[in-house]
4 protein chains.
Amino acid sequence: MRLLFLGDIVGRAGRRAAIEAIPRLRKRYKLDFLVINGENAAGGFGITESIHEELIDAGADAVTLGNHAFDQKETLVYIARQERLIRPLNFPPGTPGRGAALIRAKNGADVLVINAMGRVFMTEIDCPFRAIDRELTACALKSGADAILIDFHAEATSEKQALGHFVDGRASLVVGTHTHTPTSDERILPGGTAYMSDAGMCGDYNSVLGMDTEEPLNRFLTRLPRERFEPALGPATVSGLAVETDDATGLAVRVKSLRLGGVLEPTEPLFWVE
Amino acid sequence: MRLLFLGDIVGRAGRRAAIEAIPRLRKRYKLDFLVINGENAAGGFGITESIHEELIDAGADAVTLGNHAFDQKETLVYIARQERLIRPLNFPPGTPGRGAALIRAKNGADVLVINAMGRVFMTEIDCPFRAIDRELTACALKSGADAILIDFHAEATSEKQALGHFVDGRASLVVGTHTHTPTSDERILPGGTAYMSDAGMCGDYNSVLGMDTEEPLNRFLTRLPRERFEPALGPATVSGLAVETDDATGLAVRVKSLRLGGVLEPTEPLFWVE
Amino acid sequence: MRLLFLGDIVGRAGRRAAIEAIPRLRKRYKLDFLVINGENAAGGFGITESIHEELIDAGADAVTLGNHAFDQKETLVYIARQERLIRPLNFPPGTPGRGAALIRAKNGADVLVINAMGRVFMTEIDCPFRAIDRELTACALKSGADAILIDFHAEATSEKQALGHFVDGRASLVVGTHTHTPTSDERILPGGTAYMSDAGMCGDYNSVLGMDTEEPLNRFLTRLPRERFEPALGPATVSGLAVETDDATGLAVRVKSLRLGGVLEPTEPLFWVE
Amino acid sequence: MRLLFLGDIVGRAGRRAAIEAIPRLRKRYKLDFLVINGENAAGGFGITESIHEELIDAGADAVTLGNHAFDQKETLVYIARQERLIRPLNFPPGTPGRGAALIRAKNGADVLVINAMGRVFMTEIDCPFRAIDRELTACALKSGADAILIDFHAEATSEKQALGHFVDGRASLVVGTHTHTPTSDERILPGGTAYMSDAGMCGDYNSVLGMDTEEPLNRFLTRLPRERFEPALGPATVSGLAVETDDATGLAVRVKSLRLGGVLEPTEPLFWVE
Ligand SMILES: [Fe+2]
Ligand SMILES: [Fe+2]
Ligand SMILES: [Fe+2]
Ligand SMILES: [Fe+2]
Ligand SMILES: [Fe+2]
Ligand SMILES: [Fe+2]
Ligand SMILES: [Fe+2]
Ligand SMILES: [Fe+2]
């Protein structure tokens, strides 16, 4: 099975690049399933229902979130009816929406998509390790799902790597998001789970995390806000990770990062096009 | 001019891989200057004088540090006499050692090596932006140094990217360290400074930040220490960044990440070997 | 019912002062129940079994803990058999010991003692609000316990005050610990729960948090350790909070801070001695 | 000389109570100098020029600030002309306004007022210890100022206590602000400097830090904003610290906390009224 995960969409530049790329990528790689993190899709802060629907219409099977999940107030309401929009699993009980969903792929396979959030240098929430463990126990690879994709939205590389090892052999893929910077440590862990510390963002990398450089730099220098943060509008890179799973086990057999457009060096899963 | 920077050496596995690789890399790429971050070289915590000397003897022109700079108590004393060992510039006045040094390369060029530390999610210290600005004013590219290399030891990608833009055009290279995870955002910024958010570590990536997985994972799960952290001893990857500068300007003209050995996908600056 | 709570014992000075004071205070105020926080009783770091027993023998009905609960490795073992030693409730499942205990007072009343830990600026653990809510539901005031005492070990005054309001009317007392500095906001909240943001410590206040001033000050100035932290050994203040509850409701009717000895201004619950 | 310091004014309730109390307190205690922290005076966030002027008109000799100093944008402009409004000294160079000012008291004495901000669990700024040290060297007690008052706006009690010891004997008073909760550790340190970890706030204590309880509690429980923070409007307590200095040395000879009105137990410097 062929999965593609794309990292945090930042603002209009990232959104347009992603929406334009998704149908082409689905076709070029004959993808079975595509997930994209949308926590910064609306001007850098959260996601509106119409943007979520645009992403689904473009061909995303699911959209994951993170600490910015509810920056757009309307998300608190519409998330209930959007079954492909997944917010962090380990938010407090009672949070609107779902933290995991079993989603039917175009090829008929059932994919469990989990979004969880780290706690190191982030909001104080409940344990992501135990929360994920509960989901994987309730819906195990092969018995419950044909593939399992975990978007772990976290800051610290230590927490991400520890989680990768924690679920190794029980998920098809653990991919980090939130730092908006792609790492080059993608690989298959010893137990068969594909891993990458961060998928990077879909946005303009000539920036600070996808936001126009001036204001973030001003704040580091002066410690005072001068203006609002605005997404950078230069050419965006679509950034993420391609994973091929073994249908018999649901585990990963091939993994390769994807970067397309913008100022970063391009790369793609050549094993799917050769 | 050909520069190579290698990220945080973690423990014995990383040290051996680095010491074995350095002479070969110098020769293979005809390097003019090589810097390596050694803050975790001694069992994961700091660096002894003999390890520092081993690295210099192997062919490093300078060794940079970070938050673990003085984990080995002897460093407080011997750093005064080790002119190629650079600790964070923005540590408090009175800290032993130096935060920047002009080092003569084998080709006769003078390279300013700066080590600075971020403040986001790290120790409370003075402003790295202003500290670096002072150094770059005192010893500017071309008038004061043929090349300028900045190792910015920081956690947050926002702070790293902001610093890259802040010095763009005034340094040959800004490279991040500390997360022990290589990023794939290496490129030349609009003003001519080579940039990479994190060089990654020289160590065993089948681990948590180069440390044996069991104890870090135990701490995330139980929040209690059970044992000491021990460096992982599997095959190490040597990870870093190759930069070629224009002799006329000191700015970057080519940049490429390097990864060699271990479990990560290998890459190298092919433009130097073709 | 007459309850006395005493804050974090720091090292030998605090321990001796507390052990000497406890029997006298029990007698002077005709106390029904006395709880003391012992997380720093052993040289500033944790508590040994023999110190715990000394405190119980001196007349404490229960000993509470905090982030330093398991600094002494032996505590992981002996806490199972010490039914009056309470560690934070919201530590991960599987943590040795208990986070709440119903303890029989000398007057035959049953007192529920809860220790919980805040999350703001502290270790990443599970939600103290929900954990406490579950305990109060399982063992409610009057139906399950004659009095309920909550030691909320937390850094941020915001989290402490929010918790006070959260349980107001459902506990006899919420008292903060951890800052080692007594606050003067003790009072009865509108719903009948006694509240004080921090009980202060039992230790030498001519210090930094009960530790000898020199090394903490050195670290603030140089950001480098020079020596170990050592408890200050000057005259200690015994610091805490006296609460009288209404036997019919279990809620507070009188509250007054207690400070005895050392360099702080003394105060005591005069309503019990006049 | 008789000094009174009052802690952070929070919103309208705190402001009205302070403005009403200041003239009465000046008269009742024959005060020579009065300083009040105004960082939350404007609806909880910063201070407008007209509020600042109201406080001065009511009888404050100086107004200090903190992390909320510039929450009202106009402060960036008007602070230049308001010589009695003091913002944290260790903000970056170039920050509008001043971090220390020598202010002439009604009795003709010159009082150096310093506002500095801690770094533990707060914004990343430069070292408050060294910044204060420089001011005390430039304008020493007796040779440069008849009294020296330091408002140390900080979260951690460790940092506050370390600073108290650091300047002991060189300032008349070090008083903490920012936690909005009065401590009861006011005393004269061995070298003669009056010290109190936190002055508390001028505001409604039936609240969370002076803000209406509902929304802060909601955020602790759900981790999501529902509404804006609004100052609590119940009866406010005026909270602070009274210090008498020796005219010959500028050091403290008497110290006593002050609390007036609202839900906290009242206290006052009886040595000035008996
Ligand atoms: Fe994001
Ligand atoms: Fe995020
Ligand atoms: Fe490191
Ligand atoms: Fe580091
Ligand atoms: Fe403590
Ligand atoms: Fe503590
Ligand atoms: Fe405040
Ligand atoms: Fe503040």
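Note that the coordinates shown come from a computational prediction; the quantities given were computed from them, not determined experimentally. Chain naming here is simple, since letters A, B, ... match the order of the sequence lines and numbering starts at 1 in each.
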> Measuring from D/T157:OG1 to C/D198:CG, what's the distance to the nearest 0.5 Å?
Replying inline: 7.5 Å
> For D/T213, is it the side chain, the backbone, both, or neither that has a heavy atom closer than 4.5 Å to a heavy atom of chain C?
Replying inline: side chain
> Any idea which of C/L189, C/T181, C/V120, C/L221 has the most non-hydrogen atom pairs under 4.5 angstrom with chain D?
Replying inline: C/T181
>> Please report the interatomic distance CG(C/L209) to NZ(D/K160), rounded to the nearest 0.5 Å.
In response: 11.5 Å
> Side chain, backbone, both or neither: which part of C/S197 has a non-hydrogen atom closer than 4.5 Å to chain D?
Replying inline: side chain
> Which heavy atom in C/H165 sits nearest to a heavy atom in D/V208, and how many Å separate them?
Replying inline: CD2-CG2, 4.1 Å
>> Rounded at 0.5 Å granularity, tell me how far CG in C/D185 sits from CZ in D/R259.
In response: 9.0 Å
>> Given heavy-atom pairs under 4.5 angstrom as the criterion, report whether the side chain, backbone, both or neither of C/T179 touches chain D.
In response: both
> Does CZ belonging to D/R2 count more than 12 external heavy atoms closer than 6.0 Å?
Replying inline: yes
> When heavy-atom pairs shorter than 4.5 Å are enumerated against chain D, which of C/P182, C/A162, C/S184 gives the highest number?
Replying inline: C/S184
> Does the side chain of D/L163 reach to within under 4.5 Å of the side chain of C/F220, using non-hydrogen atoms?
Replying inline: no
> Who wins among C/T267, C/I188, C/N206, C/T237 for the most heavy-atom pairs under 4.5 Å with chain D?
Replying inline: C/N206
> Looking at C/S207, C/S239, C/G164, which has the largest count of heavy-atom pairs under 4.5 Å with chain D?
Replying inline: C/S207
>> Return the CG to CD distance between D/L217 and C/Q161, rounded to the nearest 0.5 Å.
In response: 12.0 Å
> Just how far is it from atom CD of D/E265 to atom CD of C/E186, taken to the nearest 0.5 Å?
Replying inline: 6.0 Å
>> Just checking D/E268: does its CD atom have more than 12 heavy atoms from other residues, nucleotides or ligands closer to it than 6.0 angstrom?
In response: yes
>> I'd like to verify something: which residue of D/H180, D/E159, D/M211 has the highest number of heavy-atom pairs under 4.5 Å with chain C?
In response: D/E159
> Tell me, side chain or backbone of C/P128 under 4.5 Å from chain D's heavy atoms, or both, or neither?
Replying inline: neither
> Does D/R187 CZ have over 12 foreign heavy atoms under 6.0 Å away?
Replying inline: yes
>> Looking at chain C, which one of D/R130, D/R119, D/E155 has the largest number of heavy-atom pairs inside 4.5 Å, strictly under?
In response: D/E155
>> Just verifying a value: how many Å separate C/R223 CZ and D/C127 SG, rounded to the nearest 0.5 Å?
In response: 7.5 Å
